[in-house]
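See structure below.
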Amino acid sequence: MYRTHHCNELRKSDAGETATLVGWVNTKRDQGGVIFIDIRDREGVTQCVFRSEESAEATELSHKLRGEDVVQITGKVEVRPELDGESTFNEAIQTGEIEIVATGLKVLNKAEVLPFQLDKELSNEDLRMKYRYLDLRRPRMAKNLKMRHTITKAIRDDLDDQGFLEIETPILSKSTPEGARDFLVPSRLSPGKFYALPQAPQQYKQLLMVAGVERYFQIARCFRDEDLRADRQPEFTQVDVEASFVTQEDIYSMMESLLARSFKASRDADVSAPFPRITYQEAMDKYGSDKPERRFGCEIVDVSEHFKDSGFGVFKRAIEGGGVVRAINAKGFAGVSTGQIKRLEEIAKEAGAGGLAYIQVRGAAHDTWRSPIVKFFSEEELAAIEKDLNIEEGDLILFGCDKWATVCDVLGRLRLECCEMNNWLEGKDDELDFFWVTDFPLLDFDEEEGKWNAVHHPFTRPHPDDVALLDDESRWGEIRGAAYDVILNGNELGGGSLRIHEADLQAKMFNVLGVDDEEQAENFGHILGAFQYGAPPHGGIALGLDRLVMLACGEDSIREVIAFPKNNKGSDLMSASPAEVDFKQLREL
RNA sequence: GGAGCGGUAGCUCAGUUGGUUAGAGCGCCGGCCUGUCACGCCGGAGGUCGCGGGUUCAAGUCCCGUCCGCUCCGCCA
């Protein structure tokens with residue numbers, strides 16, 4: 001037996017017992033005659049004290065210990081003494097009222113000096129990744145791994161309670177033409193042919209519904225060969241869920257239960273359900289984003305009405321061209337610097353704006369408003385926006401004028417940047433704003449390709465009120481999908497939809513998307529076929545587990561919650577993958 | 001594919017308008033210390049300033065190129 005207790009177990013009530021601990025040397029404080037060793041394992045830290053009068057041999061050996069040596073220490077549990085009326089308790093650790101008075105020390109394995117210190121923050125990402133097994137010893141990383149387990153378990157327990165079966169689907173699967181770039185795997189037994197790694201188990205889970213499983217879930221690894229980001233890895237994990245005979249409301253409440261349980265388990269947070277719902281239209285109009293951060297105000301206000309006949313040609317022409325004029329009021333940000341204005345202008349242009357119109361409201365009187373454009377505004381126009389935007393001294397007003405979609409994007413990004421510049425979210429870490437965005441558009445016209453694409457995916461069911469519009473191409477842009485996203489604090493946690501379960505409607509949908517009969521038969525024949533044999537109405541959702549855990553941990557990159565992530569270029573610096581392979585291996589393909 | 005920021009000791013960083021032998025903290029090595037917990041004190045080692053080229057009497061510092069990392073845009077049904 002290696003140990004009698006773990007390193008976060010012993011308390012005052014254990015005083016007098018003999019205990020054996022194993023773990024790593026966290027720190028050594030060598031006072032000459034008395035040596036303190038903090039021994040650390042997964043659970044925590046315990047102080048061990050070595051004195052020559054207790055054990056000459058162990059004490060002699062303890063002088064030679066180095067950080068991260070793996071040791072086994074035996075001794076008597078004692079309450080830490082009071083010296084000259086001063087307590088020697090350490091309130092920073094949970095075992096701080098006791099210590100092990102060591103009588104035995106065994107070095108199980110010596111450690112070289114580490115390439116970095118575990119108790120210091122480290123900014124060198126390559127180094128962390130190269131020695132990820134050491135990086136993961138750091139308390140923050142160890143906590144994140146544990147949190148991921150806790151959340152995953154809460155999810156499994158919750159879905160199990162709701163009657164879901166966990167079922168695995170193939171990793172070696174088939175490439176689908178739509179969507180992200182696939183990772184391909186050559187097939188040796190079928191030369192010239194390839195498997196694709198799944199971007200999501202979408203078709204398999206729908207086929208499980210046809211199979212009569214009724215409620216399926218999977219903690220599913222998914223693969224996409226696209227460029228990486230702080231919240232994107234080439235392989236990532238989704239909580240993939242599908243259920244038969246359910247309405248949208250059923251799916252909402254299933255997920256609300258799951259998310260509430262996850263955050264209770266991980267952060268002891270009380271999440272109230274049902275979550276608020278807003279439509280895609282409302283999200284775009286008010287926040288300029290389909291995954292809005294709502295924890296600060298600064299909502300978008302439409303002021304088109306006031307500028308229809310404006311003397312300011314830029315606004316007037318935008319409205320005449322079928323566009324809109326909208327603005328946000330960045331409260332108290334009149335003191336914006338020229339550098340910041342320049343940055344905001346850049347962001348606006350990146351989002352497609354021609355430029356950035358703004359007003360720095362220096363005082364109550366309109367003639368104190370500092371702005372390159374205000375001289376073109378009439379007194380009525382100034383009064384109207386003052387009222388609509390609730391303009392007060394000290395505010396900064398930012399305008400967008402263009403097509404609706406462009407203005408949404410421009411002002412949506414500007415409000416996030418203003419938030420960033422002003423730290424409006426400071427102190428709001430514990431505020432959890434969960435909500436649903438509903439009624440997404442079903443189709444989106446791709447100008448470059450000159451064709452309609454599915455906003456969600458081609459299996460998404462049209463909104464029941466809009467099905468008839470599928471027969472009128474001029475109105476395809478108006479069709480809403482029975483699709484929904486769940487958002488937390490401006491992050492998309494996941495999205496899903498009710499699916500098409502009728503073969504004829506699915507075929508019609510493929511036709512709308514420009515997938516011809518031959519292609520349908522080749523790529524989707526199995527699912528169209530399956531729908532002919534009694535497919536139940538069904539729907540589902542997929543949640544990004546990495547992102548969920550990231551938010552629960554308060555991290556800002558999913559790399560911090562994945563044990564062995566890839567870097568920006570998709571490489572694993574520890575194992576040096578991807579790597580070249582032997583000619584022999586290639587030849588066998 | 002594009003933009004921004006960064007690369008100086010094992011780690012985190014400083015390094016002025018180009019100017020002596022490139023510094024600090026932590027870590028490491030040696031010594032001292034019987035109540036520390038970021039232990040303390042004394043001493044010491046440790047650098048091709050990412051790499052290549054250029055300007056200059058002189059480059060960590062300026063210029064060009066290149067590699068690597070991070071962030072963002074594009075992309076991610």
Side-chain angles (χ1 to χ4, degrees), chain A residues 26-38 45-54 59 63 66-68 78 80-84 86-93 95-96 99 101 112-131 134-135 176-182 199-200 202-203 222-234 236 343 346-347 349-352 409 413 416-417 420 440 442-444 446 448-449 451-460 481 483 492 495 497 509 513 515 542 544 556-557 559 567-569 571 573:
Chain A
N26 201 50
T27 49
K28 178 174 82 167
R29 295 178 294 278
D30 188 340
Q31 315 283 309
V34 57
I35 300 97
F36 297 96
I37 300 291
D38 288 348
V45 165
T46 300
Q47 171 169 287
C48 303
V49 54
F50 291 81
R51 286 188 219 95
S52 45
E53 58 267 33
E54 313 280 349
T59 303
H63 283 295
R66 187 152 67 187
E68 300 306 307
E78 288 186 8
R80 293 197 189 187
E82 195 169 282
L83 297 167
D84 304 327
E86 294 279 319
S87 164
T88 57
F89 287 2
N90 181 357
E91 286 170 18
I93 58 174
T95 58
E99 60 193 4
V101 179
E112 291 295 320
V113 175
L114 267 48
F116 51 81
Q117 290 164 257
L118 300 184
D119 59 345
K120 296 269 188 302
E121 275 303 311
L122 187 63
S123 64
N124 190 333
E125 296 271 332
D126 334 14
L127 198 70
R128 290 182 59 196
M129 290 308 157
K130 186 170 174 194
Y131 298 98
L134 299 178
D135 190 42
T176 46
E178 299 214 43
R181 196 175 294 117
D182 286 316
Q199 297 178 26
Q202 182 62 32
Q203 296 183 44
C222 303
F223 305 86
R224 292 178 189 175
D225 188 9
E226 298 292 345
D227 285 3
L228 280 65
R229 285 281 197 291
D231 63 351
R232 258 165 33 196
Q233 285 273 302
F236 60 100
R343 177 78 197 118
E346 261 173 44
I347 288 167
K349 284 181 175 166
E350 252 172 33
D409 192 19
R413 292 193 204 196
L416 287 179
E417 185 62 28
E420 184 81 12
F440 274 80
L442 185 71
L443 299 164
D444 178 48
D446 185 322
E448 271 179 39
E449 291 181 68
K451 66 183 274 282
W452 290 88
N453 285 330
V455 168
H456 189 49
H457 58 54
F459 311 105
T460 302
E492 181 190 332
S497 61
M509 188 65 191
L513 296 171
V515 181
D556 49 18
S557 168
R559 285 197 273 263
N567 75 2
N568 248 355
K569 288 235 169 84
S571 298
L573 296 175

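Throughout, a chain's letter reflects where its sequence line sits, starting with A, and its residues are numbered from 1.
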If the cut-off is 4.0 Å, is [X] near the phosphate of [N], judged by side-chain N/O to OP1 or OP2?
X	N	value
Ser123(A)	G6(B)	no
Arg29(A)	C39(B)	yes
Lys569(A)	C68(B)	yes
Arg559(A)	U71(B)	yes
Asn567(A)	G69(B)	yes
Asn568(A)	C70(B)	yes
Arg229(A)	C73(B)	yes

By nearest atom, which of the nucleotides [options] is closest to the [X] side chain?
X	options	result
Glu226(A)	U36(B), U34(B), C75(B)	C75(B)
Asn90(A)	C76(B), C11(B), C37(B)	C37(B)
Gln47(A)	G74(B), C37(B), U12(B)	C37(B)

Distance check, [atom1] atoms only: [N] and [M], in whole angstrom units.
N	M	atom1	value
C41(B)	G25(B)	P	11 Å
U55(B)	G18(B)	C1'	11 Å
U56(B)	C64(B)	C1'	16 Å
C70(B)	C57(B)	C1'	40 Å
G60(B)	C13(B)	C1'	14 Å
G1(B)	G74(B)	C1'	8 Å
G69(B)	U8(B)	P	15 Å
A22(B)	U12(B)	P	22 Å

[X] [atom1] to [N] [atom2], straight-line distance once rounded to whole Å:
X	N	atom1	atom2	answer
Lys349(A)	A3(B)	NZ	C1'	15 Å
Ile35(A)	C37(B)	CD1	P	15 Å
Glu125(A)	C70(B)	CD	C1'	7 Å
Leu228(A)	G1(B)	CG	P	14 Å
Asp119(A)	A38(B)	CG	P	10 Å
Glu121(A)	C11(B)	CD	P	16 Å
Asp231(A)	C73(B)	CG	P	9 Å
Met129(A)	C70(B)	CE	P	8 Å

If you look at every strand shown and take non-hydrogen atoms under 4.0 Å, does [X] touch a base, only sugar-phosphate, or nothing?
X	value
Arg343(A)	nothing
Asp126(A)	sugar-phosphate
Leu513(A)	nothing
Glu53(A)	base
Glu99(A)	base

Can you tell me if [X] uses its side chain to pair, donor with acceptor, with the backbone of [Y] under 3.5 Å?
X	Y	value
Arg80(A)	Gly96(A)	yes
Ser497(A)	Ala483(A)	no
Asp84(A)	Glu86(A)	no

Give none if [N] has no partner; otherwise give the nucleotide forming a Watson-Crick or G-U wobble pair with it, both distances under 3.5 Å.
N	answer
U34(B)	none
A24(B)	U12(B)
C29(B)	G43(B)
C62(B)	G54(B)
C5(B)	G69(B)
G74(B)	none

_Closest non-hydrogen atom pair between Cys222(A) and Ala200(A), with its separation_ = SG-CA, 3.9 Å
*Heavy atoms only: give me the nearest Leu127(A)-Pro115(A) pair and the separation to one decimal.*
CD2-O, 4.1 Å
_With a 3.5 Å cut-off and heavy atoms only, can you find an N or O donor on one side and an acceptor on the other between the side chain of Arg232(A) and the base of C75(B)?_
yes
*Record whether the side chain of Gln117(A) comes under 3.5 Å of the base of C11(B) through a donor-acceptor pair of N or O atoms.*
no
*For Asp135(A) and Phe116(A), what are the C-alpha separation, side-chain angles and deciding distance, and is it a side chain to side chain contact (heavy atoms under 4.5 Å, CB included)?*
CA-CA 9 Å; Asp135(A) 190 42; Phe116(A) 51 81; 4.3 Å; yes
*asked:* Between C11(B) and Phe116(A), is there a base-stacking contact, meaning the centre of the base's six-membered ring lies under 5.5 Å from the residue's ring centre while the planes stay under 30° apart?
replied: no
_Comparing Asp227(A) and Arg224(A) on RNA chain B - which has the more 5′ nearest nucleotide_ = Asp227(A)
*When the nearest nucleotide of RNA chain B is assigned to Asn124(A) and to Ile93(A) on a heavy-atom basis, which residue is associated with the more 5' position?*
Asn124(A)
*asked:* Closer than 4.0 angstrom, basic N to acidic O: yes or no for Arg29(A) and Asp38(A)?
replied: yes
*Would you call Glu346(A) and Arg343(A) a salt bridge, taking side-chain N to carboxylate O under 4.0 Å as the test?*
yes
_Using a 6.0 Å cut-off, check whether atom CD of Glu420(A) has over 12 heavy atoms from anything other than its own residue._
no
